[in-house]
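Right, one structure below, let's go through it.
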There are 2 protein chains.
Amino acid sequence: MARAATLPDAFDAVADPRRRQILDALQHGERTVNELVDLLGLEQPYVSKHLRILREVGVVSVRDDGRHRRYRVHAPALKPIHDWASQFERAWTQRFGHLDTLLEELQHLEADHDRDQTDPSDDRPPDSGADPDHP
Amino acid sequence: MARAATLPDAFDAVADPRRRQILDALQHGERTVNELVDLLGLEQPYVSKHLRILREVGVVSVRDDGRHRRYRVHAPALKPIHDWASQFERAWTQRFGHLDTLLEELQHLEADHDRDQTDPSDDRPPDSGADPDHP
DNA sequence: TTGACATATACCTATTTTGGTATATGATGA
DNA sequence: TCATCATATACCAAAATAGGTATATGTCAA
């Protein structure tokens, strides 16, 4: 009974790192299946299967072009993820903003944007005990 | 061999709708495990297990308070998700912005924000064939 | 200390998912 | 038409996960 009885959504689709890789690869334009196979180093059938999942969720779309099928990102389907995460945006800016001393850390965070993507354990400040958010 | 040999990250943690529910419930402050059990209607052990996953990924943190354990969201750990999705932000605003005719659809999208969260199949415009993004 | 409460962990089974191999479908060019 | 390239699907094994039940751990109150 894996992954509760909910229809797969964009969150599921994006949870898999390979599928994120695919989306990253598609970010700057269309790609054929074989191009993605080369990029990811996976077996062609499995790339097709990943693409199917991404397609079912609406995150990518296909266009037939002769004997190729060109995939592209359908960005609006990713918006819900962005929006959902935005709920917490205020919280994380607050967390770093409410103390002047941490302004520097905020800038550091902005700069290290990229490393941040994959290493969430780094930007965590030592738990300060008292939290103004929860009186 | 489920879910490739990658350490679980925030994306995995957030892929599960129950865990998203937990995070939503924690959005406005701390909660004890039992409060979450009541809110989610799941068995207590399973809520604890979800919380453990969220903790391991750094998305929530705990604070011991007598015989309670108060959980709270650790928002910065969600930032990578937000940032990743932002990569595509330009694409989705462009897609609806570059044609005046679609302005209306954009507004529709803004309005139906909530439904959007769960139904990505709706905001997809009829494939227009020509795509300025991919010359 | 004992009992009640709050939470975590161990263990179990059915179900998914992963990724692979073999094969089918479908379009193109000769 | 046939051979070939490009992609999709069927099927299979191993492993992870979702939930559940039973139980352990830890804390307070009397």
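Only heavy atoms go into these numbers, but all of them, side chains included; no hydrogens, no water, no symmetry mates. Every chain is numbered from 1, with letters handed out A, B, ... down the list of sequences.
How far OG of B:Ser61 is from CZ of B:Arg69: 10.5 Å, rounded to the nearest 0.5 Å. Interatomic distance, B:Arg18 CZ to B:Lys49 NZ, rounded to the nearest 0.5 Å: 13.5 Å. Interatomic distance, A:Gln87 CD to B:His82 NE2, rounded to the nearest 0.5 Å: 11.0 Å. Rounding to the nearest 0.5 Å gives a distance of 10.0 Å between CG of A:Leu78 and CZ of A:Phe11.
Here the options are B:Val14, B:Leu40, B:Ile53, the test is side-chain contact (heavy atoms from CB on, under 4.5 Å), and the partner is B:Arg19; only B:Ile53 passes.
In A:Arg20, the CZ atom is crowded: over 12 heavy atoms of neighbouring residues, nucleotides or ligands sit closer than 6.0 Å.
Residue A:His50 contributes atom NE2, which lies 8 Å from atom C1' of C:dT18 at whole-angstrom precision. Put simply, CG on B:Asn34 is 17 Å from P on D:dT27, counting in whole angstrom units. The separation between B:Leu51 atom CG and D:dA18 atom C1' is 15 Å, rounded to whole Å. The CZ atom of A:Arg63 sits 12 Å away from the P atom of D:dT7 (whole-angstrom rounding). Computed from coordinates, the A:Asp16 CG to C:dT16 P distance equals 18 Å when rounded to whole Å. In this structure, CD of B:Gln21 is placed 11 Å from P of D:dG19, rounded to the nearest angstrom. Put simply, CD on A:Glu56 is 12 Å from P on D:dA8, counting in whole angstrom units. Atoms CD1 (A:Ile53) and P (D:dT7) sit 18 Å apart, rounded to a whole Å.
Proximity of B:Arg18 to the phosphate of D:dA18: no side-chain N or O atom is located under 4.0 Å from OP1 or OP2.
For A:Gln44, the side chain to side chain donor-acceptor pair (under 3.5 Å) criterion is met by A:Ser48, not counting sequence neighbours.
Taking for each of B:Tyr46 and A:Lys49 the nucleotide of DNA chain C with the nearest heavy atom, the 5'-most of the two is the partner of B:Tyr46.
In the region residues 37-45 of chain B, proximity to DNA chain C at under 4.0 angstrom, judged on heavy atoms, holds for B:Gln44, B:Pro45. Near DNA chain C, meaning a heavy atom under 4.0 Å away, the residues from residues 64-71 of chain A are A:Gly66, A:Arg67.
The two residues B:Leu51 and B:Val60 make their nearest non-hydrogen contact at O-CG2, 4.0 Å.
Of the possible donor and acceptor atoms, one in the side chain of A:Asp9 sits under 3.5 Å from a partner among the backbone N and O of A:Asp12.
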